[in-house]
Amino acid sequence: MGSEYAIEMLGITKRFPGIIANDNITLQLRRGEIHALLGENGAGKSTLMSVLFGLYEPEEGVIKKDGEVVRINDPNDANALGIGMVHQHFKLVECFTVLDNIILGVEPTGKFGLLKKDEARKRVLELSERYGLQVDPDAKISDITVGMQQRTEILKMLYRDNDILIFDEPTAVLTPQEIDELMQIMRNLRAEGKSILFISHKLAEIMAVADRCSVLRKGRYIGTVNTKDVTVEELSAMMVGHNVNFHVEKKEAHPGDVVLHVENMTVASRAHKNNAVKNVSFDVRGGEVVCIAGIDGNGQTELVYGITGLEPLVSGKIVMQGKDITKASIRQRSLAGMCHIPEDRHKHGLVLDFPLDYNIVLQRYFEDHFTTHAGFLRRGNIRKYSDELIDQFDIRSGQGSATTARAMSGGNQQKAIIAREIDRKPELLVAVQPTRGLDVGAIENVHRHIIAQRDAGKAVLLVSLEMDEVLDVSDRILVMYEGEIVGELDPKKTTPEEMGLYMAGAKRDTAGKKGA
Amino acid sequence: MNKKVSLLKKPAVQTLIASLLCIVLGLLIGYVALLLINPAGAWDAIQSIIKNFWTYSKHTTQIKNLGNTLVKTAPLLMCSLSVLFAYKVGLFNIGAAGQYVAGAGACIYCAVALGWNWVFCMIAAILAGALVGSISGVLKAYRNVNEVISCIMLNWITLYLINTLLAGVKEPTSNYTYSITKRLVVENGVASTVPNPGTVLPSLGLENLFNNNKYVGLALPLAVVLAIAVWVLLNKTQLGYELRATGMNKNAAKYCGMQDKQNIVMTMAIAGALAGMGAAMLYLTGIQQWSVTQSSVPSMGFNGIAAAFLGGLNPIGAIFSSFFIQHITDGGSYLDMRVYSGEISDLISSLIIYLCGFVFFFKTSLTNAITLREDKKLLDERRNKEGGKAS
Amino acid sequence: MILLIQYMLVFTSVLMLVALGGCFSEHSGVINIGLEGIMVFGALGGALVMKYMPAQYGFVFVVCCILASMLMGVLYSLLLAVAAINFKADQTLVGTAMNLLGTAAATVIVKALNTAENPNNPSSTIQYIAAKKNFLIVDGYEFNWFMPLALILLLLSYVILYKTRFGLRLMACGEHPQAASSVGINVLKMRYWGVMISGLLGGFGGLVYITAGVSEWKFENGVAGFGFLALAVMIFGGWKPFRIALAALLFGLFRSLSNVYTGFAFLNSLNLPSTVYNMLPYIISLVVLIFFSANSAAPKAEGIPYDKGSR
């Protein structure tokens with residue numbers, strides 16, 4: 001125990017084909033502290049953690065535990081050193097029980113490798129009582145809440161007697177109240193002598209819970225500070241490299257006619273037997289941004305599927321500019337002026353193996369300008385149009401229009417989608433988490449485009465999980481909880497705390513169910 | 001140096017290298033198998049597989065047998081087009097074999113029992129193949145049935161159905177169907193045949209080039225034209241754009257309003273039509289008759305898989321790979337049957353399919369290795385440049 | 001009637017064994033389209049022992065046949081394992097190649113052996129009339145030792161999958177390999193196990209198949225799509241051992257009809273051509289797939305090569 005540090009990562013460099021994910025990074029975690037690792041998406045945090053877990057082998061650098069150099073070749077080595085992690089995307093097997101997931105990899109067994117589950121169950125219940133982590137060991141993961149899934153992940157670490165605990169973006173999926181609980185759990189763990197590494201890009205949370213903070217930017221190490229000694233603004237400047245304006249500049253909204261009218265819409269769920277969207281009604285007018293807020297998985301995805309036609313309605317009615325489009329095909333809706341920035345750009349938004357120009361015309365390749373009457377593509381026109389948009393929206397890629405979409409960065413992929421959708425002159429823009437995974441500069445850019453559409457008198461329906469985005473960009477907020485719209489809020493008057501209560505289902509409007 | 005590296009990164013060059021490697025490795029393993037069976041004659045044996053018609057010393061015989069190989073290359077090319085077309089849309093058409101059987105049954109029946117002209121016989125074959133293909137397509141699109149399993153089931157069902165159908169037009173003294181140049185006439189329960197040469201594909205005078213090999217004709221030129229047509233369809237048209245988008249990402253295709261399910265059905269119908277037409281290109285030359293007791297599906301459809309992948313899933317590449325596969329398949333028949341079996345060619349072509357499974361890995365490793373080397377250079381340059389500055 | 005039950009049980013055993021094989025492979029995350037080829041090689045292994053080993057050893061003889069078929073199945077399945085697990089090959093393509101290769105290679109081998117004995121016998125048939133008698137429990141009936149063994153393997157499969165550490169880890173690899181890997185499970189190794197077990201069961205299934213009511217086998221014919229019928233059984237059985245057994249029973253019934261339908265007055269009176277009975281298993285499996293593919297309980301990660309980097 002010659003060192004004050006539990007874990008040190010010194011001079012880590014990790015390259016992938018085409019990118020340098022970590023360039024000479026240093027991170028030192030003291031015993032018994034909560035240490036934040038701050039950086040934007042793509043700053044290299046996840047890669048660094050994968051190196052710590054032996055998932056990647058770094059080209060350069062060493063890892064020390066208690067001052068001694070250690071080699072970590074796989075997660076087993078990390079586990080043996082007492083390092084555990086709650087991953088951003090939970091590493092839980094959905095069709096297994098909580099108990100099975102906790103013991104997976106360290107199963108207590110008897111003769112012939114037969115499982116001794118009773119023993120394990122007793123231990124799990126003990127731990128869950130001691131740390132106040134309530135779970136049902138025999139429930140299936142697919143049936144429990146996200147909060148309980150996260151507690152399962154924490155129990156996984158405690159079951160393994162880990163004393164270095166890593167939390168990778170743990171608050172992204174939680175309500176403000178759940179976040180408070182998690183902070184308390186983290187403090188309890190620190191009191192029990194655990195060392196905690198807290199990975200996040202949310203400054204307020206870091207200021208609230210962390211003792212120290214290390215900052216990464218674009219794969220490089222910027223520095224480490226005591227959170228007591230810095231302000232939020234200073235931290236933010238370290239993260240993005242310049243001072244950023246957190247507030248979105250926008251003028252007063254002037255809502256016009258109703259563009260989208262949704263009436264008693266019910267949509268089935270792919271994941272379970274219940275309906276994902278239950279009897280939802282609301283309007284979106286021209287010249288306003290209506291935001292659907294809520295915790296991930298409360299029916300927002302299916303709501304958008306229903307409106308855009310990706311999923312048929314169980315019941316209800318959708319009217320766009322006075323025309324009933326309930327039964328209209330996706331193409332008909334799109335031609336009627338509905339533009340859709342999808343939630344998952346890799347699943348829906350792009351054909352990754354097509355070149356950029358083919359992706360740019362994905363919504364209009366069939367127009368006369370791009371296809372002859374005989375059905376042949378006009379490749380010259382496609383290329384020209386794509387070049388124009390690339391210029392106009394500042395989409396950066398290796399070989400311009402000819403670049404394969406897969407080879408582009410996430411931010412530029414998103415820019416391409418936004419360019420494609422906005423240039424179609426939408427009457428209604430449906431934007432689902434349009435800033436997910438983007439860095440601060442790109443986020444500002446996207447927000448500007450959305451506000452510009454609003455100011456041009458178009459209707460915008462924004463679905464977002466980010467509290468700041470909801471409050472900054474929208475003109476009206478509809479909160480979804482378990483498939484229903486439980487409240488309508490005015491962004492100018494509400495607070496994050498009040499929104500949190502709605503998002504958690506603790507509060508709901510009874511009268512004003514329908515927004516107007 | 002730099003130029004050479006970028007050349008190796010080109011997909012077309014990589015595909016060519018990979019295909020050649022597959023061929024060399026396949027032949028090598030085939031040679032080892034021959035060595036194990038009988039070391040003494042192995043060298044001669046592998047030579048005769050590779051030589052095929054060059055085994056003969058006389059030029060005229062060579063050219064005549066080259067003709068035979070070309071006649072069978074046409075249907076093989078069609079089957080490989082069928083496989084690669086479906087694969088571009090994300091479907092594995094192992095059912096080309098059964099669609100081929102359906103096409104064979106339809107054209108033989110229409111020729112012998114109905115006495116139709118070759119054009120109509122061929123159309124019947126196309127439709128029969130398309131029908132069988134579209135069944136798999138419908139099941140895939142609307143019932144999420146894995147197309148590989150449904151195709152295999154349909155292969156067997158089709159084989160039994162066609163055997164039953166063609167049992168009605170078989171020669172009384174053998175298990176083979178009547179030659180397509182004859183029409184079966186049944187009067188008062190007595191069967192007789194009348195000549196009906198209109199069922200044979202036109203030769204276009206090509207037989208003269210191949211020492212009067214009367215089977216050479218329209219088939220191969222037509223198949224090559226169709227290969228080019230498939231290439232144009234996939235790469236230059238709106239339909240090809242839609243189909244390829246569906247194959248690469250069916251969720252994105254649905255998102256932008258393409259009819260993903262209809263596209264799947266249409267793809268399988270077109271794939272089936274290609275395979276069915278391939279059968280007509282063989283059986284309407286009269287080179288072969290159908291044995292109604294055959295208990296396994298003809299290997300043409302399966303060899304089509306080999307040709308499609310060996311050709312780098314490119315219709316133009318498939319022209320050459322089809323010829324190669326047919327070349328070694330025919331070469332297998334020149335082996336000394338008392339020592340070696342002709343199936344050694346099947347062994348080699350199935351080995352080639354197996355090896356094609358490694359092509360993707362080969363290409364990505366090659367590209368990654370090159371990119372990593374380039375990156376390292378960039379990184380070193382960046383470090384050197386910043387060496388003076390404080391970190 | 002006895003005849004029908006005999007055949008039904010034999011074919012049920014075959015389908016169940018092979019489907020269980022597929023089940024292990026898919027639970028580990030690898031789609032095994034190559035079961036057909038694995039069966040052929042397993043059958044070849046067993047047939048070679050029957051051809052060359054003196055039959056008088058009884059019990060030892062039976063054990064040797066079984067072990068040979070299993071060993072051949074496992075060795076052959078390694079072709080899939082290497083390509084799919086280490087080289088991330090398209091599993092459908094490789095499986096298809098294995099099916100074609102299985103028949104071609106077995107034919108070449110058997111023909112080579114036959115012509116070596118007698119240059120005028122270039123056939124791909126192996127006979128084992130005397131040898132086969134050793135397998136029968138009661139002489140004169142088609143009840144053989146393979147059936148109780150298949151039953152034991154069924155129970156064992158259930159216990160292994162649901163009651164042991166190995167099973168828990170195997171299924172984790174097929175459902176969420178990144179999760180398995182994050183707790184230190186070697187996904188590649190587990191997938192090797194899954195594929196090799198499918199080779200073991202599939203190879204044994206091949207042996208059972210070629211001794212079902214016949215005493216010689218022509219290897220040119222492969223195993224007539226039985227590997228694929230087994231895949232249909234596996235899907236119908238929802239990737240669960242006992243349901244697979246029931247599904248196999250149903251398919252076994254339809255398959256055996258083509259062997260014995262002439263023995264039933266009722267079926268004879270229908271006067272259907274024999275082709276109908278030949279097609280029946282394939283048609284039934286298509287119908288079953290139509291109804292059981294829509295909401296499949298397939299392991300979530302099957303068919304996707306495991307890449308350490310992806311999260």
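Just so we're clear, the structure is a prediction, and the values are computed from it rather than from any experiment. Reminder, nothing fancy here: chain letters follow the sequence lines and each chain counts from 1.
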Residue part contacting chain C, namely of B:S150, when any heavy atom lies under 4.5 Å
both
Measuring centre to centre across the rings, with the benzene-like ring taken for any Trp, is B:W156 within less than 6.0 Å of C:F228?
no
Establish, from distance only, whether the side-chain atoms of C:E220 and C:S124 form a donor-acceptor pair under 3.5 Å.
yes
With a 4.5 angstrom heavy-atom cut-off, which part of B:Y87 approaches chain C: side chain, backbone, both or neither?
side chain
Is C:I109 in contact with chain B via its backbone, its side chain, both, or neither, using a 4.5 Å heavy-atom distance?
neither
Can you tell me which portion of B:I344 sits under 4.5 Å from chain C's heavy atoms? Options are side chain, backbone, both or neither.
both
Do B:C79 and B:N303 touch side chain to side chain, with heavy atoms closer than 4.5 Å?
no
Ionic contact status for C:E216 with C:K51, cut-off 4.0 Å:
no
Do C:L113 and C:L48 have side chains that approach each other closer than 4.5 Å (heavy atoms only, starting at C-beta)?
yes
Report which part of B:F309 has an atom under 4.5 Å of a heavy atom belonging to chain C: side chain, backbone, both, or neither.
side chain
Contact origin within B:I305 toward chain C - heavy atom pairs under 4.5 Å:
side chain
Non-hydrogen atoms of chain C under 4.5 Å away: do they reach the side chain of B:L351, the backbone, both or neither?
both
Contact class of B:L161 relative to chain C, heavy atoms under 4.5 angstrom
both
B:L347 versus chain C, heavy atoms under 4.5 Å apart: side chain, backbone, both or neither?
both
